[in-house]
Amino acid sequence: MTVALDAVEAGIDAASPENVLRDSISVTDGMLTIGDSAFDLSGYNDVFVLGGGNAAGRIASHLASVLGPTLSGGVVVTDDPVPAGPVDVVEGTHPVPSAANRDGARRLLEAARAAGSDTLAVVAVTGGGSALLAAPVEEVSLADLGGLTDALVRSGAPIDRINAVRKHVSAVKGGRLACELAPATTVGVVFSDVTSDDPSVIGSGPLSPDPTSYDDALAVLSAYGVDAPESVTRHLQRGAAGEVGETPGPGDSAFDDVSIHILADNATATAAAREVCAAAGFEPLVLSSSIRGESQAAAVTHVAVAEEIQRRGDPVEPPAAILSGGETTVAVGDGDGTGGPNQEFALRAGVDLPARTVCCAVDTDGLDGSTDAAGAIVDPDTVDDARRARAALAAHDVHGYLDERDAVVRTGATGTNVSDLRVLLVPE
């Protein structure tokens with residue numbers, strides 16, 4: 001089990017802002033370099049840092065350290081606050097938005113509206129941004145936004161569909177932050193937690209043109225049986241009827257001076273985990289960094305690959321390490337079970353794991369579902385009561401079963417979020 005835990009730890013560490021930003025953001029001779037782009041700081045009267053997400057505080061802290069006195073200020077909202085010089089770091093909650101999230105997002109919007117053509121705005125957009133930048137439209141209360149968020153997560157809808165709805169009840173998402181910042185020069189610093197690495201989906205795309213519509217949002221509610229609060233449905237219907245302005249789409253001039261830089265994604269974590277497994281003598285097999293769909297179904301597929309390796313040495317000979325990333329989902333519906341996609345993945349794998357194998361699945365932000373766990377690690381002995389395990393899986397209530405068997409993995413908030421990471425070890 002040690003190798004599996006070391007591998008996921010290495011993956012999370014590789015995607016930490018401290019490690020990613022050290023190699024991708026710097027200031028030399030008055031030039032700010034972000035990825036492969038450079039910005040002459042002497043050309044701006046003000047430099048602000050804005051944003052939201054699990055890693056936004058640490059990104060702001062790094063920017064404050066490299067920009068020094070050039071940095072004018074800013075606002076970021078995160079659930080992992082750290083000092084960031086003149087940047088106001090607001091501590092919010094994730095995954096359910098709170099009053100702190102809303103108030104922080106409003107302050108961020110005020111700062112954005114003050115930007116001019118001589119402003120450079122560096123905007124951190126990371127996993128968790130959809131919840132942390134909670135600025136609901138006027139017709140939707142914070143309580144109703146929280147109810148919508150809970151219903152969407154429980155529906156099992158994929159994240160791009162969930163965010164299509166969120167964009168249309170927000171004053172920040174779906175490119176609306178870019179509209180508020182124009183005509184400033186806006187640079188997005190992005191940590192991706194979605195399988196597509198699509199900037200319009202990450203954090204619900206506050207800086208990106210929105211290809212979705214109010215009609216699309218209503219279709220999501222219908223397709224996934226989401227019982228949205230009345231205020232949300234009414235607002236979406238008004239938008240579909242043309243009574244409320246649509247989110248800005250491709251070609252909108254608000255995006256003329258916006259550039260997006262994805263500095264870390266799931267492949268960042270998967271590659272680091274792969275190296276640990278290889279160093280420990282396991283032949284690594286990366287299935288994909290974009291695994292999605294229902295957690296239990298994905299677990300069954302991973303176990304089948306492990307069985308093929310063990311029986312036939314195909315597609316690689318054991319000892320082997322099967323690795324994958326992405327974001328699976330659980331359709332909880334109206335149930336009140338406790339757990340999350342990674343714990344459910346691990347337990348379902350544990351039911352059928354071949355002899356001597358080990359499976360570890362974690363969310364890289366350290367919080368799986370609504371629990372305090374990052375995920376779980378199991379071997380064939382973990383499931384000592386298969387009937388109860390299957391009942392827990394059917395009820396989507398797996399946390400207690402795993403916790404009783406010391407199979408839960410707890411990391412605490414990691415300060416990053418590049419979605420899920422899974423390691424399945426198949427020994428000789």
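Every value quoted in this text rests on a predicted model; they were computed, and no experiment measured them.
- A salt bridge links R113 with E180; the closest basic N to acidic carboxylate O contact falls under 4.0 Å.
- R387 has its side chain within reach of D385: a pair of non-hydrogen atoms, C-beta onward, lies under 4.5 Å apart.
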Check the pair V316, I309 against side-chain contact (heavy atoms from CB on, under 4.5 Å), reporting the backbone distance first and the verdict last.
CA-CA 6 Å; V316 295; I309 290 172; 3.9 Å; yes
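- Of the candidates V189, V125, I202, I202 is the only one forming a side-chain contact (heavy atoms from CB on, under 4.5 Å) with I262.
- The environment of D372 atom CG is dense: over 12 non-hydrogen atoms of other residues, nucleotides or ligands sit within 6.0 angstrom.
- F48 has its side chain out of reach of L120: every pair of non-hydrogen atoms, C-beta onward, lies at least 4.5 Å apart.
- With rounding to the nearest 0.5 Å, the separation of CG in L133 from CZ in R106 is 13.5 Å.
- Scanning both residues, A55 and P17, for their nearest heavy atoms gives CB-CG, 3.7 Å.
- Residues A321 and L425 come closest through the heavy atom pair CB-CD2, 3.6 Å.
- Between G369 and P95, the shortest heavy-atom contact is O-CG, 4.5 Å.
- The number of heavy-atom neighbours closer than 6.0 Å to CZ of R274, taken from other residues, nucleotides and ligands shown, is 12 or below.
- Under the side-chain contact (heavy atoms from CB on, under 4.5 Å) rule, L402 has a single partner from V409, I377, V378, V383, which is V378.
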I would like to know whether T119 and T185 meet side-chain contact (heavy atoms from CB on, under 4.5 Å); could you show each step before the answer?
CA-CA 6 Å; T119 299; T185 299; over 6 Å; no
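- Counting heavy atoms from C-beta on, the side chains of T416 and D365 never come closer than 4.5 Å.
- Taking the side chain as every heavy atom from C-beta outward, P199 and V190 never approach each other to under 4.5 Å.
- Summarising the local packing, CZ of R311 is surrounded by more than 12 heavy atoms from other residues, nucleotides or ligands at distances under 6.0 Å.
- For D403 and R410, the salt-bridge test passes: some basic side-chain N is under 4.0 Å from an acidic carboxylate O.
- Under the 3.5 Å distance criterion, with hydrogens and angles disregarded, a donor-acceptor pair is assigned to the side chains of H261 and S259.
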Walk me through whether V362 and V8 qualify under side-chain contact (heavy atoms from CB on, under 4.5 Å).
CA-CA 8 Å; V362 300; V8 297; 4.1 Å; yes
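- The line from CG of L63 to CG of L32 is 7.0 Å long, rounded to the nearest 0.5 Å.
- The backbone N or O of T338 sits less than 3.5 Å from a side-chain atom of D397, completing a donor-acceptor pair.
- Comment: R388 engages E404 in a salt bridge, judged by a side-chain N to carboxylate O separation of less than 4.0 angstrom.
- Taking 4.5 Å as the limit, some side-chain heavy atom of C179 sits within range of a side-chain heavy atom of P248.
- Side-chain atoms of K167 come within 3.5 Å of backbone atoms of S200 as a donor-acceptor pair (strictly under, hydrogens ignored).
- Judged by distance alone, the side chain of S295 and the main-chain N or O of P341 form a donor-acceptor pair under 3.5 Å.
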Verdict with supporting geometry, T195 and S290, side chain to side chain donor-acceptor pair (under 3.5 Å)
CA-CA 5 Å; T195 57; S290 302; 5.2 Å; no
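- Between P318 and P427 the shortest heavy-atom distance is CB-O, 3.5 Å.
- Going from atom CG of N417 over to atom CG of D80 covers 11.5 Å, rounded to the nearest 0.5 Å.
- Here the side chain of T328 pairs no donor or acceptor atom with the backbone of R292 at under 3.5 angstrom.
- Formation of a donor-acceptor pair under 3.5 Å by the T329 side chain with backbone atoms of P158 is not found in this model.
- Between S324 and L287, the shortest heavy-atom distance links the atoms CB-CB, 4.3 Å.
- Cation-pi geometry between R422 and F345 is satisfied (NZ or CZ under 6.0 Å from the ring centre, within 45° of the ring normal).
- In the displayed structure, E9 atom CD is contacted under 6.0 Å by at most 12 heavy atoms of other residues, nucleotides or ligands.
- Looking at heavy atoms from C-beta onward, T186 lies out of side-chain contact with L50 at the 4.5 angstrom threshold.
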Begin from the C-alpha positions of E18 and H62 and carry the test side chain to side chain donor-acceptor pair (under 3.5 Å) through to its verdict.
CA-CA 7 Å; E18 292 83 356; H62 179 81; over 6 Å; no
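- Rounding to the nearest 0.5 Å places CG of D381 at 10.0 Å from CG of L353.
- Distance CG/L221 to CG/D227: 9.5 Å, rounded to 0.5 Å.
- In this structure a side-chain-to-backbone donor-acceptor pair under 3.5 Å is missing from N101 to A134.
- In this structure, Y401 contributes its side chain and R390 its backbone to no donor-acceptor pair below 3.5 Å.
- Here the side chains of L393 and V398 are in contact, with some heavy-atom distance below 4.5 Å.
- Side chains of S213 and D216: a donor on one and an acceptor on the other come within 3.5 Å.
- By the 4.5 Å heavy-atom criterion applied to side chains, V300 and V303 are not counted as neighbours.
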Steps toward side-chain contact (heavy atoms from CB on, under 4.5 Å) verdict (V122, I34)
CA-CA 10 Å; V122 185; I34 298 177; 4.2 Å; yes
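- Judged by distance alone, the side chain of N266 and the main-chain N or O of V194 form no donor-acceptor pair under 3.5 Å.
- Distance check, rounded to the nearest 0.5 Å: CZ of F191 to CG of L21 gives 4.5 Å.
- Of the possible polar contacts, one joining the N163 side chain to the V201 backbone as a donor-acceptor pair under 3.5 Å is found.
- T78 contributes a side-chain N or O that, together with a main-chain N or O of N54, makes up a donor-acceptor pair within less than 3.5 Å.
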Checking side chain to side chain donor-acceptor pair (under 3.5 Å) for the pair D265/S192: CA distance, chi angles, key distance, verdict?
CA-CA 5 Å; D265 60 11; S192 172; 5.8 Å; no
